[in-house]
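Report on one structure; see the data block that follows.
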Amino acid sequence: MRNSNEIIDDIANKEYEFGFTTDIEMDIAPVGLNEDTIRFISAKKQEPEWLLEWRLKGFQAFKKMKFPEWQHFKMPELDLQKLSYYAAPKEKKKLNSLDEVDPELLATFEKLGISLKEQKVLAGVAVDVVFDSVSVATTYRAKLEELGIIFCSFGEAVKHHPELVKKYLGTVVPHSDNIFAALNAAVFSDGSFVYIPKGVRSPMELSTYFRINAENTGQFERTLIIADESAYVSYLEGCTAPKRDENQLHAAVVELVALDHAEIKYSTVQNWYPGDKDGNGGIFNFVTKRGICKGNSSKISWTQVETGSAITWKYPSVILQGDNSEGEFYSVAVTRNKQIADTGTKIYHLGKNTRSRIISKGISAGHSDNTYRGLVQVGPRAANARNYTQCDSLLIGDRCGAHTFPYIESRNSTATVEHEATTSKIGEDQIFYLNQRGIETEKAVALIVNGYAKEVLNQLPMEFAVEAQKLLSITLEGSVG
Amino acid sequence: MLTIKNLHAEVDGKQILKGINLEIKRGEMHAIMGPNGSGKSSLSSVLAGRENYTVTEGEVIFDGKNLLDLSPEDRAREGIFLAFQYPVEIPGVSNLNFLKTALNEIRAYHNLPSIEAKEFLRLTKEKQQLVEFNANLMNRSLNEGFSGGEKKRNEVFQLAMLDPKLAILDETDSGLDIDALRIVANGVNKLRSADKAFMVITHYQRLLEYIVPDFVHVLYDGRIVKTGSKELALELEEKGYDWLKEEVHQKESV
C-alpha cells in the first residue's frame, strides 16, 4: 500500500496532464480473451470461487452475443482478441518518469488547472483512484468508516464484504445484459464499492478518478453503490486517459441500488482522449450504467458532462420500482472534430406515482455527430407516473449533426409523459453582441455554451461544476470561425 | 475623437454607404437622422465592425487609431459602445456575469487587473440607480424574456457600466412608450460628460426633445446630405424628408 500511495502522491504532486503515460512495470495478462484469461484475472486478484463462476457465466453469455446494430454510427472494428485484459502496477516498484508529456495536452491541463492533489483536498472530497485496473488508494476511508460507510475498491469489497457484493452484484446490470456488460462481467478488473448504511447521509462527496494508462488494455471497471434505507450519497466520477494513436475500449459497468427513502446522486465528468482532428485514436466509451430505485420514495439522479472519447455510447438508466420513487437524468454531451456521441437514458416506471425528469443538452461542433436516444417506459402498475423530457441540441458550424430518438411506451392510461425538443445554432448575432462588449469570440462561445448547459451544470457539486465549465470552454476552443 | 472620411461600404455586394464624412469631438452629441433605408444602422454596424459589411473605400480614425484595422472586440475595448437596435437574448448567461466578463476583458486590454467582487457590486448598484434600471433584471439571463423596453434600458445600463468614449445609440427610442423613452433619455443625459461623445441614430425627432444634440446630420442614400443644429430636427419633423430628397436629386441632375 505504501508504494501505491507514493504513486498517488507523485501523480498528485505533478500537475495533472492528460497526455502522459506512466512508465512503471506492469503485470499484464497475455493478449486475448478466453477462459484462461478470466482464470488468470481471478487468480491474480485471489478471488473466491463464486466470483470466478460468475465471471465465467458472463463469458459464456458474451460468446453468444453480437455487437448491436441499432446505434446511430458506424460500429468501429473491434478485435477483442487483440486486447490485454489485465494490467496492474507491480508492487514495490517506484514511479520512474513522467516525461512523455504532450505539449498540447499539457497546455490544456494548465488551462484546466486541476490536479489530483487538488481533487483530494477540495472541500472534503474523498478520492478513490483507479490506476488502470487496480484501485491503489482510498483516502478519507477512516473517517467514513466511523459512520459505517464502506468506500473501497471493488476487489477489497470482495475480500472484506463478500456478503454485500454477493447480494447485489449483477442485480441491476445482469451478466448477460448486453455484450459489453457481459464482457465486463467476465473480465472486470477493479472499480469502486460504496455502501451507505441505514439512515446515514454521507458527509462528503465520494469521488473516483479513473485513468487509462497502459497500452492496449481495455478498462473494465465495475462500480457498485448501495444506499440502504434513508441513506444519502453523492458520488463523483471523473475520467481521463493519455493520448494514443490507437483506440482504446472502455467498457465499464455501474450499478446503483437505492432502498426505501434512500437517495443516490451520481455525477460524471468524462474527458477521455477524444482522438485527433481526423478521428484517429481516442477512447470507445461503451458503458452500462443503471440504477434501481428498489425502495419506496427512493431517488436516483444521474448527471453527466461528456466532453471526451472518440465514441460515447451509454444510457445511464433508472428502474423506478418502488412506489413514489424518482429518477433524474441530466446530461451535457459535447462533440467536436469527428467525435460521436449516442447517449441518453432509459427510465422504467414500474411503481405507482413514480416521477422522472430528463434534461439533455447536446452540443455539436466540427464534423461530429451527436445523438440523444431515450426511452421512457410506463408499466401497467405505474398509476399516475409522470415524466418530463426536454432535449435540446445546439449546433456550432454547419458540418455537424444532431439527432433525437425518443421512445415512449406507456401501458397505463393515468400516466403523463411530456417531451420537448429544440434545435438551435449559436447565432452570429449573439457572438457579435458579445464581441461588441469587448468579449472575444472564443470566450463568447464559452459563455453562450455554459449558459445553454447551465441547467445541467447546476446539478453538479460546486467544485465539479467549475471544472466542467472550464472543460466545456476548452473543448470548444477553435470550433468557431 | 472620431473622424470618418469618405466612407464607402457594401453588404451582399450592394453599396450602402457612399461617402460618409463626419467629425465627432469629445463632449459632443451628434444625432443622425434620415428616412428608412438611408444607411443609418449600416453606419453603426460598420463602425462596430459587423462582419457582413465590407468597407470598400475611405477611413475611420478613432483616437488616433485606424478603427477599420481592429476586430470588433478591440473596437469595444478601445471605447466604442453600440446600443443595439435589437439586443439579442442569451439564455442561461446572467446579466451580471456577462457584464463582469465584458468589464474584465476591457480592463485586461488596458492592463488593468480584474475588478474586485465588492467593487463590481458597488458599481452595478450605482449605475443601476443612475439609469433607473430594474434591479431584478440584473440577475436574470441576458435579455431573455425582457420586454422591448427592458432590453433598451438594459443597453443603457450596460453603457453606464462599461463607460465607453463613444456611445452609438442605434434607434434606442424605437418601440419605447413615452415613459420608457423619458427614462432612457434621462439615463443618457446623466452619462453625458466632457470627455465622452454620443452618436444618436433616430428616425424621429421625439427623442431629441429629451436628448438635445449639438449637431443633427441627415443621412440619405448613403451620404450625409445636410448638417445643422437641433432646429434641423424640428424642421424635419414638420416637413418630412421629401423636400431633402428633392433637393438632393435636383443637385444630382444639374
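Source: prediction; values computed, not measured. A note on names: the letters A, B, ... follow the listed sequences, proteins ahead of strands, and every chain is numbered from 1.
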Margin query: As an exercise: rank B/S71, B/P87, B/A108, B/S94 by heavy-atom pairs under 4.5 Å with chain A and give me the winner.
Written below: B/P87

Notebook entry, point to check: If we only count heavy atoms from C-beta on, is the A/Y452 to B/V93 side-chain gap below 4.5 Å?
Noted result: no

Check: In terms of heavy-atom contacts, does NZ of B/K125 have more than 12 from other residues, nucleotides or ligands at under 6.0 Å?
Finding: no

Margin query: Can you tell me if A/K443 has over 12 outside heavy atoms packed within less than 6.0 Å of its NZ?
Written below: no

Check: Quick one: what part of B/L82 sits under 4.5 Å from any heavy atom of chain A, side chain, backbone, both or neither?
Finding: both

Checklist line | Within 6.0 Å of CG in B/N52, more than 12 heavy atoms from elsewhere | finding: yes

Margin query: Counting only heavy atoms not in B/E116 (residues, nucleotides, ligands), do more than 12 fall under 6.0 Å from its CD?
Written below: no

Margin query: Contact between B/V88 and A/L434 at the side-chain level, heavy atoms closer than 4.5 Å - yes or no?
Written below: no

Item checked: Portion of B/Y109 that has a non-hydrogen atom of chain A nearer than 4.5 angstrom -> neither

Check: Distance-only, no hydrogens or angles: does the A/Q430 side chain make a donor-acceptor pair with backbone N or O of B/I90 under 3.5 Å?
Finding: no

Notebook entry, point to check: Can you tell me if B/R77 uses its side chain to pair, donor with acceptor, with the backbone of A/G438 under 3.5 Å?
Noted result: yes

Check: Closest approach of B/P72 and A/F432, non-hydrogen atoms and distance?
Finding: CB-CE1, 4.1 Å

Check: Taking every heavy-atom pair that is under 4.5 Å apart, which of B/I80, B/L99, B/D74 has the most such pairs with chain A?
Finding: B/I80

Next item on the list: Step through the shown structure and confirm whether more than 12 heavy atoms of other residues, nucleotides or ligands are within 6.0 Å of CD on B/Q129.
Entry: yes

Check: When you measure from the side chain of A/Q436 to the backbone N and O of B/R75, does any donor-acceptor pair fall under 3.5 Å?
Finding: no

Checklist line | Non-hydrogen atoms of A/N435 and B/A76 that approach each other most closely | finding: O-CB, 3.7 Å

Item checked: Result of checking B/E155, B/E73, B/E105 against A/R437 for salt bridge (Lys or Arg N to Asp or Glu O under 4.0 Å) -> B/E155

Next item on the list: Measure B/R50 against the heavy atoms of chain A and call it side chain, backbone, both or neither at under 4.5 Å.
Entry: both

Notebook entry, point to check: Would B/F84 and A/D429 count as a side-chain contact (heavy atoms from CB on, under 4.5 Å) if you check the C-alpha gap in whole Å, the side-chain angles of each, and the deciding distance to 0.1 Å?
Noted result: CA-CA 11 Å; B/F84 284 74; A/D429 281 356; over 6 Å; no

Margin query: Can you tell me which portion of B/P164 sits under 4.5 Å from chain A's heavy atoms? Options are side chain, backbone, both or neither.
Written below: neither

Notebook entry, point to check: So does B/R192 have more than 12 non-hydrogen atoms from other groups sitting under 6.0 Å from CZ?
Noted result: yes

Item checked: side-chain contact (heavy atoms from CB on, under 4.5 Å) evaluation trace for A/Y433 with B/L142 -> CA-CA 11 Å; A/Y433 188 85; B/L142 180 54; 4.0 Å; yes

Notebook entry, point to check: Which atoms of B/E78 come close to chain A, meaning under 4.5 Å heavy atom to heavy atom: side chain ones, backbone ones, both, or neither?
Noted result: neither

Check: What part of B/N104 gets closer than 4.5 Å to chain A, counting heavy atoms only: side chain, backbone, both or neither?
Finding: neither

Margin query: I'd like to know whether CD of B/E144 has more than 12 heavy-atom contacts from other residues, nucleotides or ligands below 6.0 angstrom.
Written below: yes

